[in-house]
Structure formats: structure tokens, C-alpha cells
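To start, the structure under review is shown below, and the notes come after it.
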Amino acid sequence: MRFLEFNLKNYALRHMQVMLFSLGQLWRQPLASSMTVFVIGIALAMPAGLYVLLQNLNQVSNQWDDASQISLFMQADFTDQQAKQFTDTLRAWPDIAAVEYQTANQSLEEFRQLSGLGDLLNTLPSNPLPALVMVNPSKNSLRPDAVGSLLARLEILPEVEQAQLDMEWLQRLRSMSKTGQRGISLLAILLSLSVLLVIGNTIRLAILNRQAEIKVTKLVGGTNAFVRRPFLYTGFWYGTLGGIVAWLTLLFTLSLLSGPINELSLLYNSPFSLQWLTGQMFIVLPLSGMTLGVLGAWLAVGRHLSAIEPR
Amino acid sequence: MIQFTDVYKRYQNQHEALSGLSFNIDKGEMAFLTGHSGAGKSTLLKLIALIERSSHGQVLINNQNLSHLPQRKIPYYRRQIGLVFQDHYLLHDRTVFDNVALPLVIAGENHREIGRRVRASLDKVGLLGKERNLPIALSGGEQQRVGIARAVVNRPPILLADEPTGNLDPELSRDIMQLFEQFNQVGVTVFVATHDHELIKTLPYRQVILQKGRLAQQETA
Ligand SMILES: Nc1ncnc2c1ncn2[C@@H]1O[C@H](COP(=O)(O)OP(=O)(O)O)[C@@H](O)[C@H]1O
Ligand SMILES: [Mg+2]
């Protein structure tokens with residue numbers, strides 16, 4: 001037991017030594033190493049950054065879920081005098097949270113401003129726009145089926161000409177965000193592949209540079225595992241450092257965007273979880289960098305190391 | 001200790017470097033392998049170190065049949081054999097100490113043991129003061145001594161040398177041979193390939209003489 005413990009300690013110690021040795025080798029070629037690390041960092045930062053932004057976009061669109069609203073276009077003969085009673089009735093419905101009335105004249109005024117048609121509208125003999133009642137469903141009837149049933153019940157009211165749910169744009173945003181998510185996944189896969197290639201190629205060059213050493217090591221009884229180890233750790237360092245650089249790049253980019261994002265979040269009264277996401281990325285990025293690094297090194301080592309045998 | 005029985009070695013290009021070779025070297029013996037350039041000396045040593053494999057015949061080293069040794073066991077097999085080369089194969093970006101320590105590091109020895117044995121080994125070849133130097137700062141003879149120190153640092157039972165004095169003047173060559181004799185005196189089986197007749201003709205060891213890949217004769221001096 002003592003013997004085993006001793007050996008394990010020895011083993012761990014040797015790994016530590018190889019790990020530090022590999023780091024030292026990167027350190028001794030600062031320019032080449034940092035270039036590789038930066039390429040990896042940027043390749044990892046891109047999908048991560050897009051992911052964070054998309055995540056925030058989703059958050060906003062979720063917030064807007066609450067804002068789904070039903071517009072009631074009233075019959076032409078609906079008068080402002082009827083409005084008070086009508087809206088009060090609706091307010092009493094349990095699945096309605098808020099009701100807002102907009103007179104036909106207000107509708108026309110709004111249209112005038114939005115359209116910029118101005119005085120042209122004055123030439124109309126009468127106001128063609130109906131009065132409008134905006135209904136906000138209460139929180140617990142925001143489910144699609146509940147909203148649907150509310151819409152149906154509103155539609156058959158005699159005062160109502162037409163009821164319309166303002167959700168198409170939200171669905172459009174959703175499908176855009178889904179497309180975006182797929183795009184990001186694809187981008188992440190492609191860039192991960194490029195990270196593998198960058199690391200693989202770097203390791204390949206490192207192996208070529210150290211052919212003599214590999215041959216000698218094999219001649220004096222070095223196993224393949226022993227020869228492989230420093231290269232795997234080189235990949236480990238490239239990947240991990242690349243992941244950290246990616247995180248810093250992300251942090252920097254988001255801090256540049258933080259002005260507009262804060263404005264948005266004030267506008268929609270929703271505190272974005274940027275911070276939480278960047279915290280999560282601090283784990284995810286170095287971890288995926290490390291995985292890609294070791295994997296890339298493993299592939300390169302598998303291909304090139306067995307070819308170097310003493311002759 | 002080293003036993004060849006009807007061994008053939010044919011390289012990929014169909015060139016037959018060794019043909020029908022049979023000979024023995026006993027445990028604790030010291031012997032020379034001689035013959036003209038191209039006779040097959042290096043090839044023979046490579047078969048022993050499993051750098052190459054024989055095409056036919058049996059090579060028995062330290063009671064292990066090399067034809068039956070799987071590829072993955074080769075590293076462990078090689079740890080029983082000290083190898084010395086004409087151009088030393090030192091790593092030029094590492095100190096003398098680190099070069100000599102390599103076989104021990106590979107074998108997973110602990111730090112203190114490595115330090116102790118590397119210094120003992122360097123002491124034997126007379127280079128104890130140079131452990132912090134890079135190989136490039138040493139003379140040719142000294143570099144060859146570092147190579148020898150590395151070959152014996154893990155106390156292998158067999159020491160093979162391929163033209164170890166090829167680049168050295170006669171006086172340095174004699175020093176190197178004396179080193180090999182010292183290792184032989186403590187029980188190591190030593191087998192040295194050389195075509196330097198002047199150097200070995202005065203030494204009382206058997207010669208295995210190769211001629212175009214065949215055994216010419218075995219002389220006991
Ligand atoms: N890797 C190889 N491939 C093909 N032929 C080789 C190879 N190595 C050596 N030879 C040939 O085998 C013969 C013996 O070579 P070698 O063992 O190096 O002889 P020596 O060491 O006695 O000079 C030579 O003719 C040489 O050209
Ligand atoms: Mg030769």
C-alpha cells in the first residue's frame with residue numbers, strides 16, 4: 001500500500017513536470033505561441049459571443065410574451081359614450097388584465113402621425129378608422145390556448161367588428177432566433193474544426209522539430225505514451241489558453257456593447273443576465289478549448305509519431 | 001547472452017544485408033564485431049536492439065526470443081540494452097545531466113535516485129564537473145563519454161556500441177575502449193562494432209568478423 005501510494009505520487013509528480021515543461025516550451029517561443037493562442041481564442045470567441053447575444057435576444061422576446069395583446073376593432077356605430085361601460089365589462093373578466101380605449105379620432109391622429117399624410121387626411125369626408133380597444137390578457141391566461149379562447153369570446157361580442165391577436169411579429173422573431181441558433185451551432189462546429197486543425201498543425205510542426213529527441217527517447221526505451229505526453233500537454237495548454245483568450249475577448253466585446261444593451265434593458269424594464277452568461281462562459285470556453293486542444297494533439301500525434309522510429 | 005541462429009536480414013529493397021548468421025556471445029563476455037564498411041555490422045546491432053527485425057532465423061537475447069516480442073513491449077526490452085553510437089545522438093538543447101538522466105526519467109525513477117545515479121555514471125566516465133554544460137560545449141571525446149554515461153546509467157546487462165571511436169583520434173579511442181573494459185569487468189556483456197583494426201588488435205577479446213553479411217570467421221585473440 002505504501003508502495004502504491006508512493007508510485008501514484010511519483011506518477012502525478014511526473015505529469016506535473018511534463019505539464020510545466022510543455023508550458024515552458026510555449027513560453028520560450030512567445031511570438032509563435034501567442035499567435036496560435038490568439039487564433040484559437042478568436043475562433044472560440046465568435047460562436048460564444050453570438051450565443052450570448054442570441055441568448056439575450058431570447059430573453060427579451062420572452063419578456064415580450066407578456067406583452068401579447070388583443071386589438072378589438074369596434075363597429076363603425078360604436079360611440080365614445082358606450083366605451084366606458086364596454087371597457088368596464090371587459091375589465092371584470094377574470095382572464096383580462098387591462099383594457100385601454102382609443103377613440104376613432106385618436107386612431108386617425110395616430111395614423112396621421114405615422115403615415116405623414118398630414119393635411120391630406122383632412123380632405124376625407126368622414127373618419128374611416130374604427131375605435132380601438134386594446135385588451136391585455138391576465139398573466140395566467142397567456143398560454144396560447146387560453147389566449148385563443150379569449151380571442152374567440154371577444155370576437156362574438158356584438159360591438160366588436162374584428163378581434164386580432166398581435167403575435168405574428170413575435171413568432172417571426174422566434175423563428176429568426178431559431179435560425180440564428182442553428183447558424184451559431186453550425187458556426188461553432190466549423191470553428192471547432194478549425195481549432196482542431198490549427199492545434200493539429202502546430203503539434204505536427206512541434207513533432208517535426210523534435211524528431212531527433214523522439215528518436216533518442218525511443219532508443220533508450222521510451223514508450224509511445226511517454227513520447228506522446230508532452231505533445232498532449234502542449235495541446236492542452238494551447239486549447240486552455242486559447243479558451244481564456246476567447247473569454248477575455250468576449251468580455252471586452254460585450255463591454256463595448258454594454259451601453260446599447262443597458263439602454264435596451266432599461267427600455268424593456270428587464271435586467272439582462274449578461275453577467276451570469278459571461279460567468280458561465282468562463283468555465284465553458286477554457287473547457288472546450290482544452291478538450292479541442294487535447295483532441296487535436298491526440299490526432300496529430302497519432303498520425304505523425306508512429307512514423308518516427310529509430311533507423 | 002546474445003545468440004544468433006541462421007539469421008537473415010533482407011531490407012525492403014531486397015538487399016540481403018545478413019545471410020545465414022549464427023554465433024554466440026556469452027554472458028559477461030566482451031567481443032568485437034568487425035568487417036569492412038557495408039559488411040552488415042550496424043544491421044546486426046540493430047537486430048539486437050530491435051531497431052530492425054530479422055527476416056528469418058532466431059535472435060535470442062538474454063533468453064528472450066525477439067521474434068516473439070510484440071511491438072508494444074519493445075520499449076521495455078530496450079531498457080536492458082545500453083546503446084552507444086558513432087554520432088552520440090545527444091540532445092543539444094539539454095544539459096549533460098538531462099541527457100544522461102533521460103533513460104531514468106523514462107523508467108519513472110524518482111528525483112533523488114536520478115540525481116544519484118546520473119552523477120555516479122558521469123563520475124565513471126570522468127565528466128562529473130560538466131553536468132551543467134550543454135553538449136555543444138564539450139569536445140568530441142567528451143560527447144562520446146556522455147553518450148556512454150547515458151547508455152549505462154540504468155545498469156543494463158548488455159552494452160552495444162556501433163563505431164564508438166569512429167570520429168576520435170587513437171589516444172581518445174583507447175580511453176573509450178578502456179571505459180568499455182571497465183564496464184565489462186563489472187559483469188556487463190559488451191559488444192562493440194568497429195573497423196579500427198589498429199585499435200583492437202592488441203586487445204584480448206574475441207572478434208566476430210563479417211564479410212558481405214556472412215560470418216567470415218571467429219578469432220580469439
Ligand atoms: N535501411 C536500409 N535499407 C536498405 N539497405 C540498407 C539499409 N541499411 C543498410 N543497408 C545496406 O545493408 C548493407 C549493410 O549495411 P550496414 O549494416 O550499415 O553495414 P556496416 O555497418 O557494416 O557498414 C549495406 O549494403 C547497406 O547499404
Ligand atoms: Mg555501420
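Note: hydrogens, waters and symmetry copies are ignored here, and every other heavy atom, side chains too, is used. Naming: A, B, ... by sequence-line order, numbering from 1 per chain. Just so it is clear, the structure is predicted and the values come from calculations on it, not from any experiment.
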Which of Val105(B), Leu91(B), Asn99(B) touches chain A most, by non-hydrogen pairs under 4.5 Å: Leu91(B)
His92(B) NE2: over 12 foreign heavy atoms closer than 6.0 Å: yes
Counterpart residues, side-chain hydrogen bond (donor to acceptor under 3.5 Å, both in side chains), relative to Arg204(A) (two or more places apart): Asn201(A)
CZ on Arg210(A) to CG on Asp93(B), rounded to 0.5 Å: 8.0 Å
Tyr77(B), OH atom: more than 12 neighbouring heavy atoms under 6.0 Å: yes
Gln17(A), CD atom: more than 12 neighbouring heavy atoms under 6.0 Å: yes
Neighbour count above 12 (heavy atom, 6.0 Å) for Phe226(A) CZ: yes
Residue Phe85(B) versus chain A: region with a heavy atom under 4.5 Å: side chain
Heavy atoms from other residues, nucleotides or ligands near OH of Tyr11(B) exceed 12 (cutoff 6.0 Å): yes
Straight-line distance of Thr217(A) OG1 to Ile106(B) CD1, nearest 0.5 Å: 5.0 Å
Shortest non-hydrogen separation from Arg78(B) to Leu219(A) and the atoms involved: CD-O, 3.6 Å
Minimum side-chain heavy-atom gap Arg150(B)-Val216(A) below 4.5 Å: yes
Pro75(B): which of Thr223(A), Val220(A), Val227(A) passes side chain to side chain contact (heavy atoms under 4.5 Å, CB included): Thr223(A)
Separation of Lys215(A) NZ from Ile51(B) CD1 (nearest 0.5 Å): 11.0 Å
Residue part contacting chain A, namely of Leu83(B), when any heavy atom lies under 4.5 Å: side chain
Per-residue contact mode, His111(B) against chain A (heavy atom under 4.5 angstrom): side chain
Within 6.0 angstrom of Arg303(A) CZ, more than 12 heavy atoms from elsewhere: no
